Engineer: 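Take a look at the following structure, please.
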Amino acid sequence: MPRPGNRWRLPLFFGLAYLFTWSVWIPMAAAGVRVRPGAGSAYLAGHLGPMLSAFAVAALLDGRPGVGSLLRSMFRWRVGWRAAAVALGTPLTFGAAGVAASAVVEGRAPDLAGFALYPGAPSWGLPPAICLAAVFNGFGEEAGWRGFALPALERRLSPLAASLVLAPLWALWHWPAFLLSDSYRAFSPLLLLGFLVGLAAGSVVLAHVYHRCRDSVLLAVGWHVVFNFFSATAAARGLVAAATSALVIAWAVSLVRREVVAQRRGGSVLRPAQPPTGQERQ
């Protein structure tokens with residue numbers, strides 16, 4: 001079977017990602033399903049759409065080498081301890097700051113048990129919630145957005161431009177979730193604007209994390225999952241999520257400013273030069 005040209009790589013990917021995810025979420029919304037933290041549903045399965053699309057397009061256009069490259073990126077863990085610390089430490093630090101802000105402003109810390117109540121996941125406790133979030137939200141999204149779409153966009157665009165172009169396409173993918181999720185349905189216009197700005201900031205930050213960690217989807221998954229527990233769980237509603245997101249936006253602004261300066265000098269902050277394999281100190 002003749003393969004379509006590379007010009008179809010991104011249209012095929014986004015079209016299939018929307019198709020796979022929306023074929024789960026739209027029927028759920030039509031049936032009146034509502035997604036809540038701690039209440040299991042098929043909602044999480046919809047998050048697999050970007051990953052399934054990435055593998056389908058990689059197999060179609062690149063064959064076994066493309067699929068193998070994507071798989072290696074998904075489980076690349078030899079990234080250096082400094083890069084891993086940035087990938088996992090920053091969302092933990094931002095989340096802890098959000099919890100502290102909630103304790104000071106509201107006079108009490110959030111209920112820690114609420115961090116185990118994840119949207120669409122059954123209330124089985126924190127370890128199962130983390131595993132479900134890693135598989136569905138983590139690998140399900142990041143194998144597509146960062147593992148496939150971002151490198152494809154960077155064939156034509158700078159890392160900054162690619163991450164900003166990816167952001168609205170990533171945001172559009174969420175559209176049926178606004179018909180399903182109780183938290184999304186409660187968004188005011190101002191909160192919706194904040195969501196879009198925060199998602200664009202997350203796209204920039206995750207591009208930086210992905211490239212700094214030697215193009216590791218695994219570390220991008222770690223960042224994404226940790227951030228979600230401080231922004232989407234029952235315990236994170238309100239000030240915790242707002243403070244955590246604000247710190248991510250501030251980091252993204254700093255990265256953008258540094259990237260603009262670096263580009264003028266012919267370099268990049270979002271996609272730093274990597275040492276040869278095997279020579280990076282662990």
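The figures that follow rest on heavy atoms only: side chains count, while hydrogens, waters and symmetry mates do not. These numbers come from a predicted model, not from an experiment.
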Engineer: What distance separates E259 CD from S163 OG, expressed to the nearest 0.5 Å?
Structural biologist: 8.0 Å

Engineer: Using the side-chain contact (heavy atoms from CB on, under 4.5 Å) definition, which of the options V256, V209, V248 pairs with V204?
Structural biologist: V256

Engineer: With a 4.5 Å cut-off on side-chain heavy-atom distances among I, L, V, M, F, W and Y, is there a chain of contacts connecting V105 to V240?
Structural biologist: no

Engineer: Report the distance from atom CZ of R76 to atom CG of L71, rounding to the nearest 0.5 Å.
Structural biologist: 11.0 Å

Engineer: Can you confirm whether the side chains of T21 and W173 place a donor and an acceptor under 3.5 Å from each other?
Structural biologist: yes

Engineer: Looking at T90 and V86, would you say the former's side chain and the latter's main chain have a donor-acceptor pair under 3.5 Å?
Structural biologist: yes

Engineer: Quick check for you: to the nearest 0.5 Å, what is the distance between L10 atom CG and L169 atom CG?
Structural biologist: 8.5 Å

Engineer: Ignoring hydrogens and geometry, is there a side-chain-to-backbone donor-acceptor pair from W25 to L180 under 3.5 Å?
Structural biologist: no

Engineer: Where the side chain of R258 meets the backbone of V269, is there a donor-acceptor pair that is under 3.5 Å apart?
Structural biologist: no

Engineer: For the side chain of S245 and the backbone of A241, is there at least one donor-acceptor N/O pair under 3.5 Å apart?
Structural biologist: yes

Engineer: Any Lys/Arg nitrogen of D62 or R9 sitting under 4.0 Å from an Asp/Glu carboxylate oxygen of the other?
Structural biologist: yes

Engineer: Parallel, tilted or perpendicular: which describes the rings of F14 and W145, with under 30° parallel and over 60° perpendicular?
Structural biologist: parallel

Engineer: Under a 3.5 Å threshold, yes or no: a donor from one side chain and an acceptor from the other, between E141 and W170?
Structural biologist: yes

Engineer: Say whether L112 and L239 are linked into one hydrophobic cluster, either directly or through other cluster members, by side-chain heavy-atom distances under 4.5 angstrom.
Structural biologist: no

Engineer: Are the side chain of S203 and the backbone N or O of L199 linked by a donor-acceptor pair below 3.5 Å?
Structural biologist: no

Engineer: May I ask you to check whether F230 and F94 place their ring centres under 6.0 Å from each other?
Structural biologist: no

Engineer: What's the spacing between L196 CG and F187 CZ if we round to 0.5 Å?
Structural biologist: 9.0 Å

Engineer: So, Y118 versus F136, ring centres under 6.0 angstrom or not?
Structural biologist: no

Engineer: Return the minimal non-hydrogen interatomic distance between R214 and V79, and the atom names on each side.
Structural biologist: CD-CA, 3.9 Å

Engineer: Short question: side chain of T233, backbone of L117 - any donor-acceptor pair under 3.5 Å?
Structural biologist: no

Engineer: Assigning hydrophobic clusters by single linkage (Ile, Leu, Val, Met, Phe, Trp, Tyr; side-chain heavy-atom cutoff under 4.5 Å), is L190 placed with I249?
Structural biologist: no

Engineer: Is there a path of hydrophobic side-chain contacts, each under 4.5 Å between heavy atoms, that joins F75 and V67?
Structural biologist: yes

Engineer: How many angstroms lie between atom SG of C213 and atom CH2 of W77, to the nearest 0.5 angstrom?
Structural biologist: 13.5 Å

Engineer: Any side-chain to backbone donor/acceptor pair from S53 onto G49? Under 3.5 Å, distance only.
Structural biologist: no

Engineer: Could you see if V261 belongs to whatever hydrophobic cluster contains L164? Use Ile, Leu, Val, Met, Phe, Trp, Tyr and a side-chain cutoff under 4.5 Å.
Structural biologist: no

Engineer: Could you tell me whether a side-chain N or O of S102 sits under 3.5 Å from a main-chain N or O of P110, the two making a donor and an acceptor?
Structural biologist: no

Engineer: Once you round to the nearest 0.5 Å, how far does CG of L270 lie from NE2 of H208?
Structural biologist: 7.5 Å

Engineer: Are there over 12 heavy-atom neighbours, none belonging to R34, within less than 6.0 Å of that residue's CZ?
Structural biologist: yes

Engineer: Would you say the ring centroid of W22 lies under 6.0 angstrom from that of H174?
Structural biologist: no

